[in-house]
Each structure stands twice: as C-alpha cells, then as structure tokens.
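Naming convention: chains lettered A, B, ... in sequence-line order (proteins, then strands); numbering from 1 in each chain.
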Amino acid sequence: MSSSPVRVRFAPSPTGNLHIGGARTALFNWLLARKTGGQFIIRVEDTDAERSKRHFEDAILGELRWLGLDWDEGPDVGGPHAPYRQTERMERYNALYTQMLKDGTAYRCTCSEERLNALRADQEAQKAARRGYDGHCRDAGLGADCGPHVVRLRVPEGETHVDDLIKGDVCFANADIEDFVIVRPDGMPMYNFVVVCDDVDMGITHVLRGDEHLINTPKQLLIYAALATAAAGSDLVGTVVPPRFGHMPLILALDGSKMSKRNGETSVGAYRELGIHPEAMMNYLARLGWSHGDQEIFSVDDLRTLFTAEGIGKSPSKWDMEKLTWVNSHWMRALPAETVALRARAFFEARGWSAHPREVALVACLRERTRTLVELADAARIFFTEDYVRDEAVMAATLPAARDVLTGVVTVLSATEDWSEKSLEAAVHGWCETNGIKLGKVAQPVRVALCGQKVGPGLYQTLHVLGREVALQRLQAAIA
RNA sequence: GGUCCCAUCGUCUAGAGGCCUAGGACACCGCCCUCUCACGGCGGUGACACGGGUUCAAAUCCCGUUGGGACUACCA
C-alpha cells in the first residue's frame with residue numbers, strides 16, 4: 001500500500017441540480033479523503049458552454065455544504081492548483097493538445113458533419129459490428145492551416161486494461177475504441193481530455209465515480225499514455241500517472257429503470273424540501289451500494305472510520321423512499337431536539353407560523369411520531385393555530401358521552417397554576433384516583449377535545465405545549 | 001447491432017467452498033407494551049435467475065443461457 005497522500009475530487013457539471021447519484025459519488029470520495037487524511041477537491045466541469053450555468057454551480061456547492069461535506073480545494077476556496085473551473089484552464093489544455101499534435105499522439109481532422117452523419121448512417125444500414133470514426137484524416141498529416149478542424153486522439157493498437165478498485169481487471173480492445181474527438185473546432189476541449197489533464201495537474205490519486213464512466217476509462221487511460229509521451233522533457237515528467245479507478249454501481253429507480261422525475265425525486269434539494277435530514281441522506285446514500293456487516297445506522301463519524309472502497313458492492317441498487325424515510329425517522333429522534341427544532345423552523349415559517357413559546361418541547365414530542373420535517377410540520381398545526389383539522393365524527397362520538405369526565409378535568413385543570421408536564425400529570429392522576437376512574441377513560445376524550453382526533457402526542461405534553469389558556473379554551477368548547 | 005458491467009427475500013444487503021435447513025434492515029402481517037398514535041420488544045410471510053461443469057462439499061469457483069443496465073456525440 002502506497003503511503004502517498006490520497007487526493008480525490010468531485011467534478012460536477014453545472015448543468016443542473018445536484019442529483020442523488022452525484023451526492024453519493026461526492027460522499028464516497030470525501031470519505032476516502034477524510035479517512036486517509038488526504039485531500040478532497042471540487043472541480044467544476046463547465047466545458048459545455050451551452051448548458052453550463054453559474055447558478056447551478058452555486059446550487060450544487062450549496063447542497064454539498066448542506067450535506068456536511070467540506071473541501072480542501074475548489075472554485076470558491078481556491079488552492080494550489082487553481083483555477084478549479086475548467087473554462088478558466090484553457091491555456092493549459094491548449095498547450096497540452098498542441099504538444100500531443102506535435103508528438104503525433106493526436107491529429108487534426110477536417111471531416112464535415114455531413115460526412116460523419118453519412119458514415120454513421122452507412123454503418124447502421126450495413127449493421128456493421130464496429131462503428132465509429134473511420135480514420136479518414138488519420139494519416140493526412142493536416143497542419144494548423146487546414147481550416148476548421150477537430151483534434152482526435154490517435155488510438156494505438158493493442159488493448160487497455162482498467163485495474164478497477166471495485167470491478168477488478170476489465171479489458172478493452174483498442175480496436176473497439178474509435179479515434180475520438182478531444183478538441184472541438186472552436187478550440188474547446190472535450191470531457192475525456194480535460195478530465196485527464198486536470199487529474200494529472202491536480203495530482204489526483206483515486207477516482208471513485210459512477211459505472212457509466214467505466215467505458216470512458218480506457219479512453220482516458222489512452223490519453224494518459226499519450227500525455228506520458230509528451231512528458232519527456234516537459235514539466236509533466238513523472239506526473240502522468242493514472243489514478244486508481246473505482247466504478248460504483250448506479251442508483252436506479254424502484255422499478256429498475258433509470259432515475260427520473262417520473263419515478264421519484266432525483267435532486268438532493270427535493271429531499272431537503274421533503275424534510276429529510278442531511279444525516280439521514282448521508283446514512284442512506286452510504287448504504288446504497290456499500291455495507292458494513294449488518295449495521296444500518298451510521299453517523300458521519302461512523303462512516304469516516306468504517307468506510308473502505310472494498311465495501312462497495314458491484315450490483316446496481318434501487319432508490320427506496322420508504323427506507324430513506326425510515327432512516328430519517330431514526331435521525332428525527334437521534335439528533336438533539338434543538339437541532340431538529342431549528343430545522344423545523346423553516347417548515348413552520350413556510351406555513352406562516354411565527355415562533356411558538358414552547359417550540360422545542362413542541363418539536364420534541366412530535367418528532368417521536370413523525371418521519372420527516374414535513375410530517376412534523378403538518379402534525380404541529382394543532383399547536384400553532386385554531387384552524388386545524390377536526391374529525392367531526394370522532395368528536396360527536398366521543399365528547400357528549402364524556403361530558404362528566406371532561407367537566408371534572410376542566411375543573412381540576414382550571415385550579416392548576418403550574419402548567420408543567422409533571423404538575424399536569426399529578427393533577428389529572430389525582431382526579432382519576434379520587435373519582436375512581438381509569439386514565440384510559442379520561443385521556444382519550446381529553447385528547448379528542450384538544451386535538452380534534454383520536455391520535456396525538458402524550459396527553460401531558462399536549463396540554464403543556466398548548467399552554468394553559470388554549471388548552472382550557474378547547475376543553476371548555478368541548479363541553480359547551 | 002457492438003463493447004463493457006451486473007445477477008441472494010418486493011427493496012437495501014450479510015455471505016469471500018463446509019459455520020447456511022441462507023443472517024440483518026425497510027415494507028407487510030400477528031402478538032406484547034401502552035392514555036391514543038408512534039417508539040420499543042417478540043414472532044411470521046418472503047430470496048441464492050436457469051442449465052451445465054469443478055469438488056468429498058457451491059449462494060460462494062468455471063462455462064453457457066436468460067434477464068437487467070451503461071456506453072456507443074464535435075454532452076459530461
């Protein structure tokens with residue numbers, strides 16, 4: 001095992017919001033860095049001028065922070081290898097592919113789009129086994145003065161092995177890889193090329209990414225090889241070392257299809273808005289494709305110590321909202337009440353509810369029986385407003401029959417000044433004992449009078465959080 | 001079509017030849033606890049895709065079949 005420091009990166013394209021698959025990729029890379037004392041880097045891959053937008057970059061970084069991830073180098077914090085946005089690194093790419101052109105590991109191609117389309121159509125029609133660029137300009141020796149052109153990699157003969165951390169040895173025949181384009185006619189370099197340039201320059205040692213990139217890997221390895229040729233006598237000497245790759249299985253929708261809006265929310269932000277805690281998101285994401293024995297609950301600290309790339313599975317997993325919700329319900333109860341209350345505040349505000357005098361107690365009793373912050377906020381309605389849902393049928397069936405009990409409770413509670421849970425419990429208990437009535441006969445009618453329905457938090461909690469005035473008011477209304 | 005990846009309960013997974021009449025978790029069902037709900041506890045339904053090998057022994061290794069998926073761009 002090498003002792004050189006681990007340097008990993010998460011390289012999002014700012015063409016949309018942070019997706020759950022991307023979040024998991026970021027998480028695993030971050031864990032690898034944090035566990036080994038290495039560095040975690042954010043690099044923005046914005047070479048698609050059409051689709052890249054700065055506000056997406058801001059949103060992605062925001063979601064990563066919300067999850068609790070931090071980075072040692074990135075577009076917002078800088079670092080020794082700045083800049084960290086690919087569009088700001090153009091001269092570098094330019095220099096590198098110019099060198100490749102000089103070395104002959106890449107070549108100019110002036111094939112028109114029409115020619116390429118025709119070629120493709122022809123291959124399709126002939127049901128050709130091997131498709132792709134036919135090498136038309138490969139040996140044309142086109143110079144810089146050839147007019148509009150792309151730059152293609154000259155793929156050598158032989159085969160390329162990917163020694164994958166997760167999949168093991170994967171072999172590709174170079175003959176199956178076409179001479180792909182690395183630079184567009186306008187000089188904008190393409191993904192596979194810039195990734196390699198940056199990973200080399202930034203000293204990336206490990207790359208954990210989605211399975212969809214496994215097929216890109218031989219192409220990238222070929223670029224490493226080409227760059228290694230260019231390295232002789234340049235500043236690249238000794239630095240062109242491919243990282244260790246690890247390709248993680250994809251996250252699919254529950255029905256096995258690709259995740260999309262049609263079969264569930266795909267963005268991290270959507271789950272945040274659904275009232276999922278970042279701790280739960282991390283916990284669930286980590287368990288998707290990774291495991292540690294039978295353990296289900298992991299704090300971020302647990303993950304930081306237990307995570308290993310070897311624990312990552314090979315088969316794709318499906319996104320199960322039910323399980324996420326269960327994990328979330330665990331964190332609803334495990335987090336400090338103040339933390340949950342603070343997070344719940346945003347959901348209360350969205351409903352137009354200003355601070356409640358006993359808000360932490362309110363959240364403390366509701367989080368025991370709700371699984372998300374949205375569920376909690378919905379359940380909190382009875383504490384914030386008189387405009388809550390009452391089950392008229394239940395009220396009609398319960399209240400009139402319990403008139404005497406309710407009257408008695410109102411009397412004793414009216415005489416109770418100390419509105420703490422303890423005091424309330426003593427008062428109600430005492431009343432039950434002196435009148436020889438079981439608590440069960442009392443609690444339900446009182447709950448119905450207070451909440452307008454059969455279910456709710458504990459009786460004394462409800463009374464306490466409601467407050468003396470509101471509680472007595474609702475009880476009185478029930479016997480009026 | 002081609003290249004590559006994958007295959008244990010409905011879902012997430014444990015399992016790295018004998019510990020497996022396959023374990024845990026979610027969901028579902030029943031019981032218990034209990035002021036309701038929830039939590040918690042106990043129990044139940046439920047899986048090694050199929051076919052060949054290798055081996056004294058296979059969920060575990062090999063081959064094939066089938067089934068999923070990724071890629072197949074002058075996107076990333």
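- Between the CZ atom of A:Arg24 and the P atom of B:C12 there is a distance of 12 Å, given to the nearest Å.
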Which nucleotides of nucleotides 59-76 of chain B have their base under 4.0 Å from a protein heavy atom (B), which only their sugar-phosphate (S), and which neither (-), written as one string 5' to 3'? ----------SBS--BBB
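- Shown here, B:C31 forms a base pair with B:G41; the pair counts as Watson-Crick or G-U wobble because both key distances fall under 3.5 Å.
- Taking the C1' atoms as reference points, B:G67 lies 8 Å from B:A49, given to the whole Å.
- One atom, CZ of A:Phe298, and another, P of B:U13, lie 12 Å apart when rounded to the nearest Å.
- Only one option out of A:Asn29, A:Asp198, A:Val207, A:Ile42 pairs with A:Arg9 in a side-chain contact (heavy atoms from CB on, under 4.5 Å); it is A:Val207.
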Start with the C-alpha gap between A:Trp290 and A:Phe298, add the side-chain angles, then the distance that decides, and say whether ring pair (Phe, Tyr, Trp, His ring centres under 6.0 Å) holds. CA-CA 12 Å; A:Trp290 176 85; A:Phe298 296 89; 5.2 Å; yes
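- Set against B:U11, B:C5, B:C12, the side chain of A:Ser317 has B:C12 as its closest nucleotide.
- Between A:Phe347 and the choices A:Asp378, A:Leu376, A:Val374, the side-chain contact (heavy atoms from CB on, under 4.5 Å) rule is met once, by A:Val374.
- The base of B:A27 does not come close enough to the side chain of A:Lys323 for any donor and acceptor atom to sit less than 3.5 Å apart.
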Between the protein and nucleotides 28-31 of chain B, list the N/O to N/O atom pairs that are separated by less than 3.5 angstrom.
none

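- Distance, A:Leu324 CG to B:C26 P: 14 Å, rounded to whole Å.
- Atom name C1', nucleotides B:G2 and B:A27: the rounded distance is 41 Å, in whole Å.
- Aromatic ring orientation, A:Phe28 versus A:Phe307: tilted (interplanar angle from 30° to 60°).
- Across B:G46 and B:G24, the matching C1' atoms stand 14 Å from one another, rounded to whole Å.
- With rounding to whole Å, A:Ile166 atom CD1 is found 15 Å from B:C4 atom C1'.
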What pairs of nitrogen or oxygen atoms, one from the protein and one from nucleotides 14-20 of chain B, lie under 3.5 Å apart?
residue, atom, partner, partner atom, Å
B:A14, OP1, A:Ser291, OG, 2.7

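- Counting heavy atoms from C-beta outward, A:Val181 and A:Arg152 have side chains that approach closer than 4.5 Å.
- At least one side-chain heavy atom of A:Glu322 sits under 4.5 Å from a side-chain heavy atom of A:Arg371.
- Using a 4.5 Å cut-off on side-chain heavy atoms (C-beta onward), A:Pro457 and A:Arg369 make contact.
- With a cut-off of 3.5 Å on both Watson-Crick or G-U wobble distances, the partner of B:C9 is given as none.
- If you take atom P in B:U60 and the same atom in B:U55, they sit 16 Å apart, rounded to whole Å.
- Remark: side-chain polar atoms of A:Gln295 are not paired, donor with acceptor, to backbone N or O of A:His292 under 3.5 angstrom.
- When the P atom of B:U11 is taken as reference, atom CD of A:Glu296 falls 16 Å away, rounded to whole Å.
- For A:Thr47 (side chain) and A:Met190 (main-chain N/O), no donor-acceptor pair under 3.5 Å exists by modelled atom type.
- Comparing B:A22 with B:U45, their P atoms sit 11 Å apart, to the nearest whole Å.
- Using a 4.0 Å heavy-atom criterion, one finds that A:Cys171 contacts the sugar-phosphate atoms exclusively.
- With no hydrogens or angles considered, a side-chain donor-acceptor pair links A:Ser329 and A:Arg333 at under 3.5 Å.
- Ionic pairing of A:Arg390 and A:Glu392 is not present here: no N-O contact between side-chain nitrogen and carboxylate oxygen is shorter than 4.0 angstrom.
- Both distances falling under 3.5 Å, in either a Watson-Crick or a G-U wobble arrangement, occur for no nucleotide opposite B:A47.
- Partner assigned to B:C61 is B:G53, using Watson-Crick or G-U wobble distances below 3.5 angstrom.
- Annotation: salt bridge (charged side-chain N to carboxylate O under 4.0 Å, His left out) contacts of A:Asp139 (sequence neighbours excluded): A:Arg154.
- Across B:A57 and B:G52, the matching P atoms stand 15 Å from one another, rounded to whole Å.
- Partner assigned to B:C19 is none, using Watson-Crick or G-U wobble distances below 3.5 angstrom.
- Figure legend. B:C4 is base-paired to B:G69; pairs are counted as Watson-Crick or G-U wobble with both atom distances under 3.5 Å.
- For A:Trp319 and A:Tyr271, the distance between ring centers is under 6.0 angstrom.
- Between the P atoms of B:A14 and B:C9, the separation comes to 12 Å (whole Å).
- Spacing between B:U72 and B:C39 at atom P, rounded to whole Å, works out to 45 Å.
- Each of A:Asp211, A:Leu288, A:Thr25 was compared with A:Ile251 under the side-chain contact (heavy atoms from CB on, under 4.5 Å) criterion, and only A:Leu288 meets it.
- Computed from coordinates, the A:Phe172 CZ to B:U3 P distance equals 12 Å when rounded to whole Å.
- Among residues at least two apart or in separate chains, side-chain hydrogen bond (donor to acceptor under 3.5 Å, both in side chains) pairs with a member in residues 439-448 of chain A are A:Gln444-A:Arg447.
- Between A:Glu296 and A:Lys323, at least one side-chain nitrogen of the basic residue sits less than 4.0 Å from a carboxylate oxygen of the acidic one, meeting the salt-bridge criterion.
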What is the per-nucleotide protein-contact pattern of nucleotides 32-51 of chain B, from the 5' end, where B denotes a base atom under 4.0 Å from a protein heavy atom, S denotes such proximity for sugar-phosphate atoms only, and - denotes neither? ---BBBSS------------
